[in-house]
Amino acid sequence: MVVNIDRLSSKRTTRFKASEIRELLKITQIPEMISFAGGLPNPLAFPVDIIHECIEKTFQKNITHALQYGTTEGLAPLRSALAERMKKKKNIHCELHDIVITSGAQQALSLIALCFLDPGDTYLTTVPAYLGAIQAFHAFEAKCESIPMDDQGIDTDSLRRNLERLRRTGIYPKFIYTVPTFQNPSGITMSQSHRKELLQIASEYDFLIVEDDPYSELIFKGDFIPPIKSYDTKGRVIYVSTFSKILAPGFRLGWLVASREILDKIVQAKQASDLCTNVFAQYIASEYINGGYLDMHVEKIKKLYKRKRDVMLEAIKKYFPPEVTWTIPEGGMFIWVTLPKSIDTRLMFPKAIAKKVAYVVGEVFFPEGGNYNSMRLNFSYPEDKIISEGIRRLGEVIHDELETSYQQNAFPPEGV
Ligand code: PMP
Ligand code: G9A
């Protein structure tokens, strides 16, 4: 008998969707393609020599432990070091017991979904939203309500209006997902006042805040704004971060800070998922952070990425038509570009690929669709000279597309 996988699979799998970004990673393999698509750290930002040293120290001091299973919560010296760092750098007062080490921030998001979302539940996310989070939450058959971002990081009026509308129909969202600092994909940072207001609203309407913070260490300019978690005295915020952008994503190491009550659930869910996070990698990360290398190395990454951001912004100014607008991120890895409404960046995409330049179509970051005229550009990965050339090519594609749209509409939009 033929195996009928469709009949045998869970209904849930019919909701799984391949990440367009992961699919795009294949395009980056095409020779001469300039990709601004993948949100990849630059390989120059991997502290290769330091990692080598940390591996040697692990071999000398802890190799049998490093090769053994570990606790689900994670390696104690690593969690202590993280607790210390979060106190010092982020004003988050937590102890080792408030932290669980996860297989990347991505697993933390997935475990949160597993613990808090039943089929049919509603969660909120600021939009545009990190695609991997949408993917993780979507798999748990929950309903998403989008809350628009503004230049303050979240439109709190819209949040309140949406919460009232939902409440009238008996819907009480479980949590809001947000990346408040140097957001992926927009590069926008939520203001301090909006962080506090969001926490206040979450308390009034009784939902959790999932604060995803992979980028806040990569600050180029401006004042550091403490995470929402730093204002949380009631255990309402689940804070997630990662070593992917400050060490190397290949280690698959992230962490989650939450109240004990929440952590108990997360730990049980993690036991069922993978027993424990890669122990060898945790020992290396522990040597890295406890050896005092992290601060020094983060400074190097910041310099590298700031330079790349500047090169990209300079090229955008030079090559993009005046009708185009873009964000100026003060850290992180992404610039968000908005084109005139007459341009659909998905339809334009094959033309960009033909010119050997790739971006991520903005629409994929909107779980409820819409926003056809935007795109995400990553500046951390490509080489400087490649950045200028890629933006030049993209500028040509946009110019051509605008020209065609003006011809089709016979006249340019007002004010242009
Ligand atoms: N959250 C955000 C906002 C991200 O940008 C990423 C990675 N690009 C992740 C989570 C996942 O990170 P990790 O490699 O730690 O799983
Ligand atoms: O999926 C990955 O490889 C991580 C990158 C995420 C992104 O581009 O947002």
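These numbers come from a predicted model, not from an experiment. Order of listing sets the numbers, starting from 1, for every ligand and every atom in it.
- Interface atoms of ligand 2 facing Asn184, defined by a heavy-atom separation under 4.0 Å, are 7 (C), 9 (O).
- Taking a 4.0 Å cut-off on heavy atoms, Leu131 fails to register as neighbouring ligand 2.
- Taking a distance limit of 4.0 Å, we find that atom 2 (C) of ligand 2 is approached by some protein heavy atom.
- Listed by number with element, the atoms of ligand 1 under 4.0 Å from a non-hydrogen atom of Gly104 are 15 (O), 16 (O).
- Closest protein heavy atom to atom 6 (C) of ligand 2: Tyr130 CE1, 4.0 Å.
- Residue Pro214 has at least one heavy-atom neighbour below 4.0 Å for each of these atoms of ligand 1: 1 (N), 2 (C), 3 (C), 4 (C).
- With a 4.0 Å heavy-atom cut-off, ligand 1 is reached by the side chain of Lys245 but not by its N, CA, C or O.
- Residue Arg376 has at least one heavy-atom neighbour below 4.0 Å for each of these atoms of ligand 2: 7 (C), 8 (O), 9 (O).
- Using a 4.0 Å cut-off between charged nitrogen and carboxylate oxygen, Arg161 and Asp157 do not count as a salt-bridge pair.
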### Task
List the steps, then state whether side chain to side chain contact (heavy atoms under 4.5 Å, CB included) holds for Asp206 with Arg236.
CA-CA 9 Å; Asp206 194 20; Arg236 193 167 286 286; 3.0 Å; yes
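- Here the options are Lys302, Lys245, Lys89, Arg85, the test is salt bridge (Lys or Arg N to Asp or Glu O under 4.0 Å), and the partner is Glu217; only Arg85 passes.
- Between Phe59 and Phe280, the two ring planes are perpendicular [angle over 60°; tilted spans 30° to 60°].
- Here the heavy atom of the protein found nearest to atom 9 (C) of ligand 1 is Tyr130 OH, 3.4 Å.
- The proximity of Arg252 to ligand 1, defined as any non-hydrogen pair under 4.0 Å, is limited to the side chain.
- Contact annotation: for Tyr215 versus ligand 1, heavy atoms closer than 4.0 Å belong to the side chain alone.
- Inspection of the Glu330 and Thr189 side chains reveals no N or O donor paired with an N or O acceptor under 3.5 Å.
- Between Asp310 and Lys306, at least one side-chain nitrogen of the basic residue sits less than 4.0 Å from a carboxylate oxygen of the acidic one, meeting the salt-bridge criterion.
- Nearest protein heavy-atom neighbour of atom 5 (C) of ligand 2: Gly39 O, 4.0 Å.
- By the 3.5 Å distance cut-off applied to N or O atoms, Leu40 is not counted among the residues near ligand 2.
- A salt bridge links Lys61 with Glu287: the distance from a Lys NZ or Arg NE/NH1/NH2 to an Asp or Glu carboxylate oxygen falls below 4.0 Å.
- Atom numbering of ligand 1 starts at 1 in the shown order; those under 4.0 Å from a heavy atom of Val179 are 3 (C).
- Ring geometry, Tyr288 versus Tyr293: the interplanar angle falls under 30°, so the pair is classed parallel (tilted spans 30 to 60°).
- Side-chain atoms of Gln183 come within 3.5 Å of backbone N or O of Ser186 as a donor-acceptor pair.
- Atom 12 (O) of ligand 1 has Ala105 CB, 3.8 Å as its closest protein atom, hydrogens excluded (heavy atom only).
- Of all the heavy atoms of Pro249, none lies under 4.0 Å from any atom of ligand 1, so neither backbone nor side chain is involved.
- With respect to the salt-bridge test (charged N to carboxylate O, under 4.0 angstrom), the residues Lys308 and Asp384 qualify.
- Under 4.0 angstrom from ligand 2, there are no non-hydrogen atoms of Val360.
- Between Val364 and the choices Arg346, Met375, Arg376, the side-chain contact (heavy atoms from CB on, under 4.5 Å) rule is met once, by Arg346.
- For atom 2 (C) of ligand 1, the choice among Asn184, Asp212, Thr242 with the nearest heavy atom turns out to be Asp212.
- Of the protein's non-hydrogen atoms, Ser244 OG, 2.6 Å is the one closest to atom 14 (O) of ligand 1.
- Ionic pairing of Glu396 and Lys355 is present here: one or more N-O contacts between side-chain nitrogen and carboxylate oxygen are shorter than 4.0 angstrom.
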